[in-house]
Structures are given as structure tokens and as C-alpha cells.
J.: 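For reference, the structure I am asking about is given below.
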Amino acid sequence: WLNKVPVFGEVVAKVESGEIASEMKSSRYFWLDGDIVLIPTVIGEQVRERYFEGASNDGKGVEGEGKFWAWCYDPAIVTNNRQCPWMGREVNANMFGGSASAIAEYAAGYMTYVNLHVPTRANRGRPPQRHCACPYEEYVMTGMASDPAFSHLYGPNSCARFRREPRFVD
């Protein structure tokens, strides 16, 4: 699960450089995970009008912020992160993206955050900060969004940067 963001960043970089067919080049890219179908109306409403290019940011949507964005679960229904509670609640759905530059910036920050908190080959299995053995990518994204050293990677209107008192579900 932790490889989604770096793989996404590599694919976007290859599309942008022309290494992958140029017909795939776009002004913005996004990742939709297979289990996104569990969240109704995401494709029809959230990406097209309400969220991606909707009312936020003077009608430009979060893409107008020029930063990485993530679609979030209803803030009233989020899951409790029992595995790594210090990393935060799981608030990000498996849908995220942005411009090529925003994705490149985010992917670099994401790998830095992972190497600080998750045992990896790069840190020889000894992360220098408080660690979590094998978190879901949503936990990493949520932790990053609330960490002052990484929150700038999300747009100011990103739901990932806002916290509300949730009702936990299992």
C-alpha cells in the first residue's frame, strides 16, 4: 500500500517526459483505487464539479491551488487508526492527484515522511522518528497533513488539512 504514491509519481514523470505515450499527457492526474467504488457518487460528483473544479478557491477547485489534493471520507464517518494512533485518523480516501509538479513534490515529501516513520531499506529498518511498522497509505497521508513540516504539500483548501470531531466506525 505504501508504494501507491511513489509509483504514481514515477508514472506521471514518465508520461511528462514522453517515456510513456504522450497521448496520456494531462494538465492533472489522479489515482482512483479499486475500492473507491465503496464510496458512492465519487466519480460523478466529486471529481467533476463539486470538489476537483468546484466552488473552493474562487471556483477553481483544489486544482487551482496548484498543490496535491486528496478526496476525504465524510468527516463524520472516519476510521480509528488503532494500528498507529499517533499518526492520526484515517481521513483520506483512495483518490488523490494534482498537476505533474504537485505530484512530484508530494511524492518526494511522502517518501521522506515514510522513511522518517516506517522501517524501510533506506533507513535500514530504523526510522529516526516515532514509527509505525506497516501503516496504510491513508494513515501516512493523514499524518503528513497534520505534520507542520509536510502540511504545505497539501493545498490550503484540502480536506486532508482539516480536522473535525468524527464518529468512529470499524
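Every heavy atom of this structure was used, including side-chain atoms; hydrogens, water molecules and symmetry mates were not. Note that the structure is predicted; figures quoted are calculated from it, not measured.
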J.: Pairs in or reaching into residues 110-125: which pass salt bridge (charged side-chain N to carboxylate O under 4.0 Å, His left out), with residues at least two apart or in two chains?
T.: none

J.: Which heavy atom of A107 sits nearest to which heavy atom of G9, and what is that distance?
T.: CB-CA, 4.4 Å

J.: Could you pull out all residues at least two apart from Q129 that satisfy side chain to side chain contact (heavy atoms under 4.5 Å, CB included)?
T.: L116, H117

J.: For F150, check ring-ring contact (aromatic ring centres under 6.0 Å, His included) against everything at least two apart and list the hits.
T.: Y113

J.: Please lay out, stage by stage, how F8 and Y29 fare under the test ring-ring contact (aromatic ring centres under 6.0 Å, His included).
T.: CA-CA 9 Å; F8 183 45; Y29 300 87; 7.3 Å; no

J.: In terms of ring plane angle, is the pair Y154 and Y106 parallel, tilted or perpendicular, where the classes change at 30° and 60°?
T.: perpendicular

J.: Restricting to ring-ring contact (aromatic ring centres under 6.0 Å, His included), what partner residues turn up for Y110, sequence neighbours left out?
T.: none

J.: Any heavy-atom pair between the side chains of H131 and V118 that's under 4.5 Å?
T.: no

J.: Can you name the residues that form a side chain to side chain donor-acceptor pair (under 3.5 Å) with S26, not counting sequence neighbours?
T.: none

J.: Please enumerate all residues that pass salt bridge (Lys or Arg N to Asp or Glu O under 4.0 Å) together with E16, with sequence neighbours excluded.
T.: none

J.: Check this for me: W1, atom CH2, are more than 12 non-hydrogen atoms of other residues, nucleotides or ligands nearer than 6.0 Å?
T.: no

J.: Does the side chain of M87 come within less than 4.5 Å of P135's, by heavy atoms?
T.: yes

J.: Going through the distances and angles, do F96 and F30 end up as a ring-ring contact (aromatic ring centres under 6.0 Å, His included)?
T.: CA-CA 5 Å; F96 46 84; F30 58 94; 9.9 Å; no

J.: Give me the atom names and distance for the closest heavy-atom approach of C132 to P119.
T.: O-CD, 3.5 Å

J.: How about NZ on K25, more than 12 heavy atoms from neighbouring residues, nucleotides or ligands closer than 6.0 Å, or not?
T.: yes

